[in-house]
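Just so we're on the same page: letters track the sequence lines, and every chain starts at 1.
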Amino acid sequence: MDLLALNPVALFATLILAATPLVLAALGELVVEKAGVLNLGVEGMMILGAITGFAAAVETGSPALGMAAGAAGGMALALLFGVMTQVLLSNQVATGLALTLFGLGLAALIGQPYTGIKPPPMPVLAVPGLSDLPVIGSMAFGYDPVVYLSFALIAAVWLFLGRTRPGLILRAIGENHDAAHALGYRVVAVRLAAIAFGGALAGLGGAYLSLVRVPQWTEGMTAGAGWIALAIVVFSGWRPWRVLLGAYVFGGVTILQLNFQALGLPVGAAWLSMTPYLVTILVLVAISADRTRTAIRAPASLGRPFAAMN
Amino acid sequence: MRFLRPLALAVAALALTAGGAFAQAKDRIKVGFVYVGPVGDFGWSYQHDQGRKAIEAALGDKVETTYVESVPEGPDAERVIRQMASSGHDLIFTTSFGYMDQTVKVAKMFPDVKFEHATGYKREPNLATYSSRFYEGRHVIGLIAGRMTTSNVIGYIASYPIPEVVQGINAAYLAAKSVNPAVQFKIIYAYTWFDPAKEADAANALIEQGADIIMQHTDSTAPVTIAEEKGVLAFGQASDMTRFGPNVHLTSIVDDWDPYYVARAQAVLDGTWTSGDVWGGINTGMVKFAPLSTRIPEDVRKLAEDAIAAISAGSLHPFTGPLNRQDGTPWLAPGEIADDATLLGLNFYVEGIEGEVPK
Amino acid sequence: MWRIEPRPEPSRAMQAVTPVLAVGLTILLGAGLFALLGKDPVAAMRILFLDPLLDPFARSEIAVKAAPLILIALGLSMGFRAGVWNIGAEGQFIMGAIAGAAVGLAFHDVQGIWLLPLMTLAGALAGWAWAMIPAILKLRFDTSEILVSLMLVYVADQFLYAMVSGPLRDPQGFNFPLSRSFHDSATLPVLIAGTRVHVGVLVALGAVAGAYVLLAHHLFGHRVRLTGDAPRAAGFEGVRAGAVVAACLGLSGALAGLAGMFEVAGPAGQLAPSLPVGYGFTAIIVAFLGRLNPFGIVAAALVMALTYIGGETAQLTLGIPAAATETFRGMMLFCLLGLDLLVRYRLRRPVAA
C-alpha cells in the first residue's frame with residue numbers, strides 16, 4: 001500500500017468540491033432554524049434547485065444563470081413551506097417532509113428530458129500569479145466562483161446574525177417569538193424571509209451538485225445530502241463557521257472511503273460509509289449532553305408554532 | 001468500426017430453436033421490457049431500449065412493445081413482470097440479474113408466455129437466459145490502455161464484486177500487462193450500477209492517485225465527464241459516450257442487443273422459440289466498440305483491431321494459461337483456456353493485481 | 001371583510017372530511033399535471049384509481065402493499081400524538097428484516113412450524129431495539145429523536161449491505177450480495193391462492209383493532225393523547241413523559257420491524273440490498289393522511305397502495321413516468337396539510353355595525 005500515491009493537493013480540492021453543496025444547504029437551514037423554524041424539506045429544495053439550475057444552464061448556456069435559477073427554484077419551494085407553516089399554521093415536521101417528497105417527485109418529473117445531457121462547464125476563478133504558487137496556489141485558488149461565494153456567505157451570515165440589528169431581531173424571534181411579537185417585531189415576515197433565504201441557499205447547493213460536482217442530472221441525485229445538511233446544522237451548534245467543519249467531516253468520509261479502496265486498504269466499504277452518520281449521532285449526544293451549551297445554542301422556539309394572530 | 005458476425009448468432013439462435021417443441025406461430029406479438037434503471041441513463045438500460053427499438057424497426061406492425069423503467073429489484077419487480085404476463089404479452093425481457101427469482105416465479109405461473117432474463121442462470125422451459133462476454137471487450141480496451149498510459153496507473157471503477165465484474169478486471173489487467181509489464185491497476189468498488197455522484201467521486205479519487213486512464217463498469221457518463229475535465233483518458237461503458245468526453249474518450253464497450261432481440265422476437269412470431277442460454281461475445285455481435293478515437297496511434301489501433309478479429313475468430317481467448325491466481329497458486333496451464341463454469345463463478349484476482357476482491 | 005378566526009375547538013366534521021377533500025383536490029391537480037405532460041388526464045386518473053380495484057389480483061396486491069404501511073403508520077401515529085417524531089421507521093423496518101432473515105437462514109436446513117414465530121419475534125425485537133436508541137438518547141441527553149432516528153436509517157442501510165455481502169450471503173450465489181432464498185418453513189404461507197396475501201395482512205388488521213382499543217379505552221392511549229395535547233397537565237396527572245416517549249418509540253419500532261420481517265419472509269423471499277423501498281417514509285404520509293386515527297390509517301394506506309399499483313400500470317399503458325406518481329403522493333400530503341386550516345379555523349363575515 002503506497003500512501004505516497006495519494007496527492008494531498010488534489011484530495012483537498014475534491015474535498016472542497018464535495019463539501020460546498022453541504023456548506024450552502026446547511027448554512028441556509030442554520031438561518032432558518034435560528035429564526036425558530038425547523039424546515040425538514042432541505043432535500044426537496046436541494047434537488048429542485050439541482051434541476052432548475054441544470055435546466056436553466058443547459059437552455060441558456062450560462063452556468064451563472066443556472067446557479068441563479070437553482071437558487072430561485074429552491075426559494076420557490078421554500079416559500080410554499082413558509083406560507084403553509086407560517087400563514088396556514090400547518091405542522092412544521094409534516095410540511096417539511098411533504099416538501100421533500102414533493103420536491104423529489106417534481107424534480108424527477110421536470111428532469112425527464114435532461115438525463116444524459118452535458119451542462120455548460122463552470123469557469124474556474126484563477127487569480128493570476130497567485131494560482132500558480134506551488135501547493136498553496138492550487139489549494140487556495142483556482143476554484144469556481146461558487147466556492148468563494150460559499151465562504152463569503154458564511155462570513156456574511158456570521159456578521160449578520162452576530163453583529164447587526166436585523167440579525168439580533170431574527171435571533172430574538174428564534175428564542176422567544178411571543179416576547180418578540182409583544183415587542184412589535186413582525187415574526188411572520190422575518191421568518192418568511194429567513195425561510196426564503198434558506199431555500200435559495202439549498203437550491204444553490206443543489207445546482208452546484210448538478211452543474212459542478214458531478215456534473216450531470218439524475219433523479220434523486222442528492223442522495224440524502226439534504227438530511228446530512230440538517231445534521232450538519234446541529235453538529236455546528238448553530239454557529240456559521242462550524243458549518244464548514246461539519247461539511248468537511250461528512251464530505252471527507254465518503255472521499256476517504258473511496259481513496260482507501262484505491263490504495264488497496266481492505267476496509268469494508270459499508271462499515272466506513274456508516275461512520276459519518278454514527279459520528280453525527282455522537283456529536284448530537286455530546287452537544288445535547290452539555291446542557292448549558294445547548295441552552296445557549298439551540299433556538300428555544302425551534303419548531304414551535306407561532307399562533308398569535310392579528 | 002463494425003464487426004458484425006450475424007452468422008454465428010444465427011447459428012446460436014438456430015441451435016436454440018431447432019429441436020424444440022413447435023409452438024404456435026403468431027401474426028402479431030406483444031413484447032415487454034423491464035428495466036432496472038431509467039432509459040435515459042445512456043448506459044445499461046438505454047442499450048436495452050435500443051434493442052427494443054430495433055425489434056420495432058425490424059418487425060414493424062407485427063409487434064407492439066412496452067416497457068417499464070426504474071423497477072426496483074424485489075417484490076415490486078415480481079408484480080410488474082406478472083402484470084405484463086397477464087396483460088397479453090408474449091415475450092418479456094427482464095434486464096437485470098436481480099430480477100432472477102421473480103422472473104422464475106412468474107414464468108412458472110404463465111407457461112404460455114416466453115421470458116428472457118439477462119445475465120441470470122436459472123432457466124425454465126419458457127425462460128431463457130442471455131448475457132454478453134463483456135470480458136472480451138475488456139481485453140481489447142486493456143490492450144489500448146496498456147499502450148497509452150504514461151503514468152502506468154490505470155483506474156478502474158467497479159460496481160459490485162460479482163463474477164462478471166471480476167472477469168472484466170482480470171481480462172483488462174492481463175491484456176494491459178501483456179503490452180506493458182509495468183502497468184498497475186487501482187480499483188474502486190462504487191457498490192452501485194448507477195450513481196453519477198459516486199462515480200464522479202471515484203473517478204476523482206483514482207485520478208488523485210495517479211491514474212491517467214479511467215475504465216468503468218458502472219453505467220453513468222460521470223466518469224468520462226470528470227476525465228474530460230481533468231484531462232485524463234477514459235473508456236466509456238455500455239454505449240458510445242464520446243460526446244461526454246470528446247477529447248479523452250478512447251472508445252466504449254457497447255452492448256449491442258439488437259440482433260439477439262430481433263432474432264428472439266422473430267422466433268416467437270414463427271413459433272420456434274425454445275429456452276436455452278446464450279453467452280455471446282464479439283463473435284455474435286453482442287460486444288461492439290464505439291469508434292476508436294483519433295487519439296489512438298495507428299499501431300495501437302492495429303493491435304486492438306487484430307485482437308478483435310482474433311477473438312471473433314476464436315483464435316484468441318482472454319483467459320489463456322499459463323496463469324496464476326493472485327495468491328500465486330496455478331490456475332491455468334500453458335495453453336489451457338478457462339471454462340465457462342469457472343468464469344461464471346469467478347471470485348479471485350489474477351496474479352499481479354493489488355488489493356483484494358471485497359468480501 | 002372576511003376574517004379568519006380560530007375555532008373554539010377543532011371541528012370534528014372537518015377532521016373527517018378534509019382527507020377526502022385532500023384526495024379530491026389532489027386528483028384535480030394531478031389531472032392538471034398529467035395534462036401538462038401531454039397524457040390523457042381522465043385515462044390517467046382512471047388507471048391510477050379505478051382499474052386496480054377492478055382486477056382481483058391487483059386488489060390483492062393493494063392489500064399486500066398496504067399491510068406494511070398500516071403496521072408502521074399505526075406505530076408512528078402513537079408517537080406523533082405524543083409529540084414524539086420517529087422519522088427513522090425505515091431503519092427499524094430494515095433491522096427487523098435483517099433479524100427475521102438471519103433467524104430464518106440460521107435454520108435453513110431445518111423444517112418446523114416454530115421457525116416463523118421465532119423469526120417474527122426476532123423482527124419485532126430488532127425494530128424495537130433500533131428505536132430504543134433514539135429513545136434512550138432522548139431521555140438521557142435530550143437529543144432530537146428526529147435526527148438520531150434518521151441517521152440510523154442510513155446506518156441500517158449500510159448494515160444491510162454489509163450483512164448481505166458477508167455473513168448472510170448465499171454461499172452458492174456466485175458472490176452476489178444476496179442471501180439464500182428462504183426455505184418453506186421460513187416463508188410466510190399464502191392465505192389466498194393465486195395471490196401474495198400473507199399473514200402479515202391479518203396481523204395489520206389485528207393491529208388496527210388493537211390500536212383503537214389502546215387509544216380509546218386504555219390508560220396508555222389516554223396518556224399518549226394527554227402528553228401530546230397538554231404536556232403540563234400530563235405532568236400534573238403523574239404521567240412520566242419519559243415513559244411515554246420510550247413506549248411510543250419502542251412500539252413504533254417493533255411494528256416497523258415486524259413489517260420488515262413480513263416483507264422479507266413474504267413477498268421478497270430473500271434478503272437483498274434492494275429490500276428497503278421507503279415504506280418507513282411513506283407511512284408518515286399515511287399516518288397524517290389518516291389523521292393519526294387507526295381506521296383513518298387503514299383508508300389512507302389503501303389509497304396510497306392504490307396509487308402505487310395504479311402508477312405501475314400507468315407506466316405500462318400510458319407511459320407516465322414513475323416520478324409523476326411520486327409527485328402526486330407529495331401533492332396529497334400538501335393538500336391535506338393545507339386543508340388542515342379548515343379544521344382549526346373558520347371564515348367569518350364581520351357583523352355589520
Nearest 0.5 Å, please: how far is CG in Asn259(A) from CD1 in Ile188(B)? 6.5 Å

If you define the side chain from C-beta out and look only at heavy atoms, does anything of Ser220(B) sit under 4.5 Å from Thr218(A)? no

Where on Glu229(B) is there a heavy atom nearer than 4.5 Å to chain A: the side chain, the backbone, both, or neither? side chain

Separation between CG (Leu258(A)) and CD (Glu199(B)), nearest 0.5 Å, reads 11.0 Å

So, Gln216(A) and Thr221(B): side-chain donor and acceptor under 3.5 Å apart, yes or no? yes

Residues Asp201(B) and Arg213(A): closest non-hydrogen pair is OD2-NH2, 2.5 Å

As an exercise, state the distance from CD of Gln261(A) to CD of Glu356(B), rounded to the nearest 0.5 Å. 11.5 Å

Top of Gly155(B), Ser70(B), Pro196(B) for chain A proximity - count of heavy-atom pairs under 4.5 angstrom: Pro196(B)

Which atoms of Phe185(B) are under 4.5 Å from chain A, going by heavy atoms: the side chain, the backbone, both sets, or neither? neither

